[in-house]
Amino acid sequence: MNNFTFYNPVKILFGKGQISAISKEIPAGAHVMVTYGGGSIKQNGVYDQVMEALKGFQVSEFGGIEPNPHYETLMKAVALAKEKKVDFFLAVGGGSVIDGTKFIVAAMAYEGEDPWDIMAKREPVTRAAPFGAVLTLPATGSEMNSGAVINRVSIKEKLSFGSPHTFPKFSVLDPETTFTLPVRQISNGVADAFSHVLEQYLTYPVNAPLQDRFAEAILLTLKEEGPKAVQNPQDYDTMANFMWAATMALNGVIRVGVPTDWATHYIAHELTALHGIDHARTLGIVFPALLRYKSETKKEKLLQYGERIWNVTSGTEDERLEATIQATIAFFESLDIKTRLSDYEVGEDTIHTIISRFEQRGVKDLGERADIQIQDVKEILLLSL
Ligand SMILES: NC(=O)c1ccc[n+]([C@@H]2O[C@H](COP(=O)([O-])OP(=O)(O)OC[C@H]3O[C@@H](n4cnc5c(N)ncnc54)[C@H](O)[C@@H]3O)[C@@H](O)[C@H]2O)c1
């Protein structure tokens with residue numbers, strides 16, 4: 001096992017009715033800005049529960065944060081929050097609202113010229129305003145991690161950042177808030193969480209059986225509960241299990257002491273930035289191609305994954321590797337997540353655009369062995385056509 005430091009200060013309030021408990025988690029006298037997206041929280045009663053729980057606090061609102069949150073919109077929230085002297089934020093929504101709020105709190109305290117540099121130039125975040133979250137969409141794990149992905153639409157760039165200062169102080173996970181999710185978002189959530197686990201698990205063995213089994217437990221739970229969630233999004237227990245699995249998939253626990261490979265996310269972000277394809281769907285496109293391209297260096301973990309998750313036990317090594325990749329594709333497709341660029345009418349010209357962007361950015365050394373170079377990214381994308 002590799003050396004590691006583990007730090008996760010996020011307090012989780014899980015279960016029915018927990019929104020009412022947030023007032024105890026917010027400093028008395030705070031001016032709270034509630035951030036949210038397109039308004040689904042106003043239709044499903046979550047907004048009303050939040051406002052009820054915030055009685056006694058000074059409250060401002062900022063709605064309209066888009067899926068794949070726009071830097072341009074978030075900067076408007078920063079200006080408003082500064083004007084109103086907001087000192088606590090409450091993100092109510094999915095990964096986009098929570099990520100967007102992480103950027104807002106970092107940008108509030110940023111002393112440089114343009115907070116975009118936090119992503120573009122990797123300027124460190126040294127301070128941030130405090131915030132909490134009420135999660136309405138199990139998928140990203142953003143509710144219990146410190147990372148965020150921000151989309152600058154004017155230049156079609158989608159970049160990430162993370163800082164110990166951008167962990168939520170607390171997150172409410174009430175499965176009932178998910179009952180209004182459209183099937184497409186549930187499929188996306190299952191595929192996103194499944195991919196997060198694979199990126200921390202499908203690398204090479206370092207004799208870390210506990211991390212492997214944690215990862216496999218999450219994969220098996222998503223494999224079982226995911227299709228049930230799609231079928232019956234108002235079943236409390238199903239949504240509770242799905243919700244906790246998605247949070248566990250990216251809260252840092254399964255990553256400790258093991259190599260990770262975030263190449264799929266890094267490449268996939270380009271497809272959202274250029275074509276607006278849902279985040280999870282871009283992972284469904286890139287992942288199978290990356291696994292096939294890197295099947296030799298990922299062989300031991302791929303075979304273990306095939307056996308323990310998909311019962312792939314017979315055939316030659318090559319046959320088992322292929323059967324495992326096919327089982328992964330079949331799982332994505334069973335969720336109605338298409339797995340080829342052509343399914344989205346994206347062609348080779350996009351691959352050339354991505355490659356020239358990576359050349360400009362000087363991208364190199366992706367993957368757990370730092371052996372995925374720009375030419376490899378091109379081959380991976382060609383395999384996904
Ligand atoms: N921070 C991280 O660790 C991390 C990890 C993976 C992805 N991301 C990022 O998160 C973003 C995607 O977030 P997401 O997948 O949670 O989706 P999302 O937040 O973009 O939401 C998708 C859609 O679902 C709607 N929605 C949310 N909750 C709802 C509910 N309860 N009922 C009805 N509609 C609801 C939203 O209004 C939106 O239209 C992407 O930008 C992605 O890059 C972040």
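Ligands are counted one by one from 1 in listed order, and the atoms in each one are counted from 1 as well. All values below come from the heavy atoms of this structure, side chains included, with hydrogens, waters and symmetry mates left out. Only a predicted model underlies this, so the values are computations on that prediction, with no experimental measurement involved.
Looking only at protein heavy atoms, the nearest one to atom 20 (O) of ligand 1 is S96 OG, 2.6 Å. The closest protein non-hydrogen atom to atom 36 (C) of ligand 1 is S40 OG, 4.8 Å. Looking only at heavy atoms of the protein, atom 16 (O) of ligand 1 is closest to G95 N, 2.7 Å. Ranking the protein heavy atoms by distance from atom 9 (C) of ligand 1 puts D99 OD2, 3.4 Å first. Of all protein heavy atoms, the one closest to atom 7 (C) of ligand 1 is H279 NE2, 3.3 Å. Nearest protein heavy-atom neighbour of atom 39 (O) of ligand 1: P67 CG, 3.7 Å. With hydrogens left out, the protein atom closest to atom 6 (C) of ligand 1 is H196 NE2, 3.3 Å, a heavy atom. If you check which protein heavy atom lies closest to atom 28 (N) of ligand 1, you get T136 OG1, 2.8 Å.
For ligand 1, the polar-atom distance check finds an N/O of N145 within less than 3.5 Å of one of the ligand's N/O atoms. For ligand 1, the polar-atom distance check finds no N/O of T178 at less than 3.5 Å from any of the ligand's N/O atoms. Where the criterion is an N or O separation shorter than 3.5 Å, residue side chain and backbone included, K102 fails it with respect to ligand 1.
Between E66, Q43, K158, E176, it is K158 that holds the heavy atom closest to atom 42 (C) of ligand 1. Counting only non-hydrogen atoms, the option in I98, L137, T166, T177 that gets closest to atom 31 (N) of ligand 1 is T177.
Put simply, the side chain of L366 does not reach to within 4.5 Å of the side chain of W262, judged on heavy atoms.
In this model, no donor atom of one side chain and acceptor atom of the other lie less than 3.5 Å apart for Q200 and Q211. In summary, the side chains of N188 and H279 do not present any donor paired with an acceptor at a separation below 3.5 Å, with no hydrogens or angles considered.
Only the side chain of N44 comes within contact range of ligand 1, with a heavy atom under 4.0 Å; no backbone atom does. Both the backbone and the side chain of T140 come within 4.0 Å of ligand 1, judged by heavy-atom distances. Residue contacts with ligand 1, taken as heavy atom pairs separated by less than 4.0 Å, do not involve V46 at all.
Residues L137 and V172 are members of separate hydrophobic clusters, defined by side-chain heavy-atom contacts under 4.5 angstrom among Ile, Leu, Val, Met, Phe, Trp and Tyr.
Pairs passing the side chain to side chain donor-acceptor pair (under 3.5 Å) check and including a residue from residues 116-139, sequence neighbours excluded, read E111-R127.
By the 6.0 Å and 45° rule, K338 does not stack over the aromatic ring of Y344. Both cation-pi conditions hold for K16 and Y236: the charged atom is under 6.0 angstrom from the six-membered ring centre and inside a 45 degree cone around its axis.
Atom CD of E300 is surrounded by 12 or fewer heavy atoms from other residues, nucleotides or ligands within 6.0 Å.
Ring pair W310/F194 is tilted by interplanar angle, where 30° to 60° counts as tilted.
Checked against a 6.0 Å centroid threshold, the rings of Y266 and F358 count as neighbours. Checked against the 6.0 Å centroid threshold, F332 and F287 do not count as a close aromatic pair.
Of all atoms in ligand 1, listed by their number and element, those nearer than 4.0 Å to a heavy atom of L250 are 3 (O), 5 (C). Interface atoms of ligand 1 facing D192, defined by a heavy-atom separation under 4.0 Å, are 6 (C), 7 (C). Listed by number with element, the atoms of ligand 1 under 4.0 Å from a non-hydrogen atom of T180 are 30 (C), 31 (N), 32 (N), 33 (C).
Ligand 1 lies within reach of P69, whose nearest heavy atom is under 4.0 Å from it. At least one heavy atom of G147 lies less than 4.0 angstrom from ligand 1.
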Distance-only criterion, 3.5 Å: show the donor-acceptor pairs between side-chain atoms of residues 85-100 and protein atoms not counting sequence neighbours.
| from | atom 1 | to | atom 2 | distance (Å) |
| --- | --- | --- | --- | --- |
| D87 | OD1 | H31 | N | 2.7 |
| S96 | OG | N68 | N | 2.9 |
| D99 | OD1 | S142 | OG | 2.6 |
| D99 | OD2 | V149 | N | 2.9 |

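Here NZ of K11 is found 9.0 Å from NZ of K24. Values are rounded to the nearest 0.5 Å.
The presence of a protein heavy atom under 4.0 Å from atom 25 (C) of ligand 1 is ruled out.
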